[in-house]
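None of these values were measured; they are calculated from a predicted model.
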Amino acid sequence: MPLIDLTLPEGAISPDRSARLLDDLVTILLRAEKAPDTEFFRGITWTYLHELPQHHLAVGGRPGGAPRFRVDITVPAGALSQRRKDILIGEVHEAVVGAAGLNPQSEQALHVWTLIREVPEGNWGAAGQAVKFENLASVAATERDAINA
């Protein structure tokens, strides 16, 4: 049940590229979680695009400057090892830099931040009840078995 929030200034990425980026981010996250890329798991992986008016971004408390990008990824605690987090951060960075048309070796590439937030067991709810990571892992195993059958 991961969530992805992409925050950026208006116009920093064209609408067609941002639509593709949101899809790419889901693919990257599902791969990092080792969840099957099925309609079920895509259906519980929500992405939000937050485009801010240019004057709503300040750097050092001052408006203006080159665009900054923040990707907040929220996952259940235990869904990602540190190794998979490292891979996730790298792949998210590449996807955002590519969509924004930035040189990955430039200073502007430092303007892409990825934050991974882990929700402790018992602190994530859906349909009026707590969602348990073990239940999600069980559903993932069932989905993988169905794909391999």
For this session: Over all heavy atoms of both residues, which pair between L6 and L22 is shortest? Give the atoms and the distance, please.
Result: CD2-CD2, 4.2 Å
Exercise. Excluding sequence neighbours, so at least two apart, what forms side-chain hydrogen bond (donor to acceptor under 3.5 Å, both in side chains) with E91?
Worked result: R31
For this session: List for me each residue that meets side-chain contact (heavy atoms from CB on, under 4.5 Å) alongside E94, sequence neighbours excluded, and say none if there are none.
Result: none
Exercise. Taking all atoms of both residues into account, what is the closest heavy-atom pair of S18 and I13, and its distance?
Worked result: N-CG2, 3.5 Å
Seminar exercise, completed: Hits for side-chain contact (heavy atoms from CB on, under 4.5 Å) against L88, two or more places apart or cross-chain, chain-then-number order -> I28, L29, A32, I73, L80, V92, I116
Problem set entry | All salt bridge (charged side-chain N to carboxylate O under 4.0 Å, His left out) counterparts of D86, not counting sequence neighbours | none
Exercise. Checking side chain to side chain contact (heavy atoms under 4.5 Å, CB included) for the pair D24/R20: CA distance, chi angles, key distance, verdict?
Worked result: CA-CA 6 Å; D24 290 346; R20 174 66 189 192; 3.1 Å; yes
Problem set entry | Joint hydrophobic cluster, L115 plus V71, side-chain heavy atoms closer than 4.5 Å | no
For this session: Could you pull out all residues at least two apart from R42 that satisfy salt bridge (charged side-chain N to carboxylate O under 4.0 Å, His left out)?
Result: D23, D37
Exercise. Quick one: CG on L3 to CD1 on I44, what's the gap to the nearest 0.5 Å?
Worked result: 10.0 Å
Problem set entry | Reported CZ-to-NE2 distance for the pair R70 and H111, which is rounded to 0.5 angstrom | 15.0 Å
For this session: Tell me, yes or no, whether the heavy-atom count around E39 atom CD, taken from other residues, nucleotides or ligands under 6.0 Å, exceeds 12.
Result: no
Would you list the atom pairs, donor with acceptor, under 3.5 Å between side chains in residues 125-133 and any protein atom, with sequence neighbours excluded?
none

Exercise. Which pairs, with at least one residue in residues 117-128 and sequence neighbours excluded, count as a side-chain hydrogen bond (donor to acceptor under 3.5 Å, both in side chains)?
Worked result: D72-R117, K85-E118
Problem set entry | Any residue meeting salt bridge (charged side-chain N to carboxylate O under 4.0 Å, His left out) with R84, in chain and number order, not counting sequence neighbours | none
For this session: Could you tell me which residues satisfy side-chain hydrogen bond (donor to acceptor under 3.5 Å, both in side chains) with T38, sequence neighbours excluded, listed by chain and number?
Result: E143
Would you mind writing out the side-chain donor-acceptor pairs for residues 47-69 within the sub-3.5 Å range, not counting sequence neighbours?
unit_1	atom_1	unit_2	atom_2	d
H50	NE2	D5	OD1	2.7
Q54	NE2	E10	O	2.6
R68	NH1	A66	O	2.8

For this session: Only counting residues at least two apart or in another chain, list the ones meeting side-chain contact (heavy atoms from CB on, under 4.5 Å) with D16.
Result: S14
For this session: Could you tell me which residues satisfy salt bridge (charged side-chain N to carboxylate O under 4.0 Å, His left out) with E33, sequence neighbours excluded, listed by chain and number?
Result: none
Problem set entry | Same cluster (ILVMFWY, side-chain, under 4.5 Å), V119 and W46 | yes
For this session: State yes or no: do I89 and L102 share one hydrophobic cluster built from I, L, V, M, F, W and Y residues joined by side-chain heavy-atom distances below 4.5 Å, directly or via other members?
Result: yes
For this session: Of all the heavy-atom pairs spanning P36 and L30, show the shortest one and how long it is.
Result: O-CD1, 4.2 Å
